[in-house]
Amino acid sequence: MVMPITPANGGSAKTAETAAPSGSAEPIMLELVDEDGTTIGTAEKLSAHLAPGKLHRAFSVFLFDDEGRLLLQRRALSKYHSPGVWSNTCCGHPYPGEPPFAAAARRTGEELGAAPALLREAGTVRYNHPDPASGLVEQEYNHVFAGLVGATPNPDPEEISEIAFVTPDELEKLLRDAGPFSAWFMNVLDTARPTVRELTGTAAGW
């Protein structure tokens with residue numbers, strides 16, 4: 001079976017979430033949390049990722065089509081953090097005070113050009129992952145969501161270079177043959193699996 005990979009060709013405008021960290025735009029602020037996920041303050045986005053990293057709130061989204069295939073994205077080469085690697089459908093950071101569910105739906109629409117048709121909470125996971133390429137560190141308290149995508153994605157090329165809908169077998173092949181995935185990918189996928197199985201059914205194989 002040939003896995004369809006689609007290059008990004010959209011042209012949506014860059015948002016505050018994606019602005020270069022050293023640019024002249026207003027700094028992007030993240031919500032710092034304790035080990036229980038309770039908000040304890042804020043920090044500028046880049047400073048929160050400098051080693052050893054500051055624990056902050058994040059989200060990860062896994063969307064599936066009506067055949068139970070997972071929508072993956074390959075991060076744009078221009079991104080300053082984890083460029084060019086395959087990852088889950090969407091990930092990011094809520095603005096301070098923004099509910100993670102709202103942030104996940106908003107950011108998915110901004111990056112993919114298609115808002116989720118259905119989105120469910122799928123748990124939380126805390127991890128500490130250095131990015132070997134950039135030296136930045138992901139110290140995150142991550143809210144994980146799983147859902148369905150209805151419309152055809154039209155990804156923003158400043159965020160995403162390619163997308164692919166994959167079965168579990170195709171994902172295994174990508175993990176083996178297609179180079180690095182994001183450092184956090186397996187942590188968040190394993191957290192999402194119970195909800196993913198409820199959404200896609202046992203036949204999908206997740």
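As the structure is a prediction and not an experimental result, all values here were calculated from the model.
- Remark: Glu98 engages Arg106 in a salt bridge (charged side-chain N to carboxylate O under 4.0 Å, His left out) (not counting sequence neighbours).
- Every residue two or more places apart in sequence or in another chain that forms a side chain to side chain contact (heavy atoms under 4.5 Å, CB included) with Ser82 is listed here: Arg75, Val85, Asp131, Trp184.
- Not counting sequence neighbours, the partners of Pro116 by the side chain to side chain contact (heavy atoms under 4.5 Å, CB included) test are Leu63, Thr108, Leu119.
- Grouping Ile, Leu, Val, Met, Phe, Trp and Tyr residues whose side-chain heavy atoms lie under 4.5 Å apart, directly or via other members, places Val33 in a hydrophobic cluster with Leu55, Tyr141.
- In terms of the ring-ring contact (aromatic ring centres under 6.0 Å, His included) criterion, residue partners of His56 (sequence neighbours excluded) are, by chain and number, His49, His93.
- In this structure, Asn187 contributes its side chain and Tyr127 its backbone to no donor-acceptor pair below 3.5 Å.
- Here Val137 is tied to no hydrophobic group at all, with no ILVMFWY side chain closer than 4.5 Å.
- Among residues at least two apart or in separate chains, side-chain hydrogen bond (donor to acceptor under 3.5 Å, both in side chains) pairs with a member in residues 27-43 are Glu31-Thr39, Glu31-Arg57, Glu35-Arg126, Thr39-Arg57.
- Remark: Ser47 pairs with Ala43, Glu44, Lys54 by the side chain to side chain contact (heavy atoms under 4.5 Å, CB included) rule, at least two apart or across chains.
- A donor-acceptor pair is defined here as one N or O able to donate and one able to accept, closer than 3.5 Å; such a pair exists between the side chain of Arg74 and the backbone of Gly84.
- Here Ala183 pairs with His129 under the side chain to side chain contact (heavy atoms under 4.5 Å, CB included) rule; sequence neighbours left out.
- Evaluation of the salt bridge (charged side-chain N to carboxylate O under 4.0 Å, His left out) rule for Asp65 yields Arg69 as partners, not counting sequence neighbours.
- Qualifying ring-ring contact (aromatic ring centres under 6.0 Å, His included) partners for Phe145, counting only residues two or more places apart in sequence or in other chains: Phe101.
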- prompt: Is there a side-chain hydrogen bond (donor to acceptor under 3.5 Å, both in side chains) between Gln73 and Glu162 once you walk through the steps?
  reply: CA-CA 6 Å; Gln73 65 154 283; Glu162 300 172 272; over 6 Å; no

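- Among residues at least two apart or in separate chains, side-chain hydrogen bond (donor to acceptor under 3.5 Å, both in side chains) pairs with a member in residues 193-206 are Asp190-Arg193.
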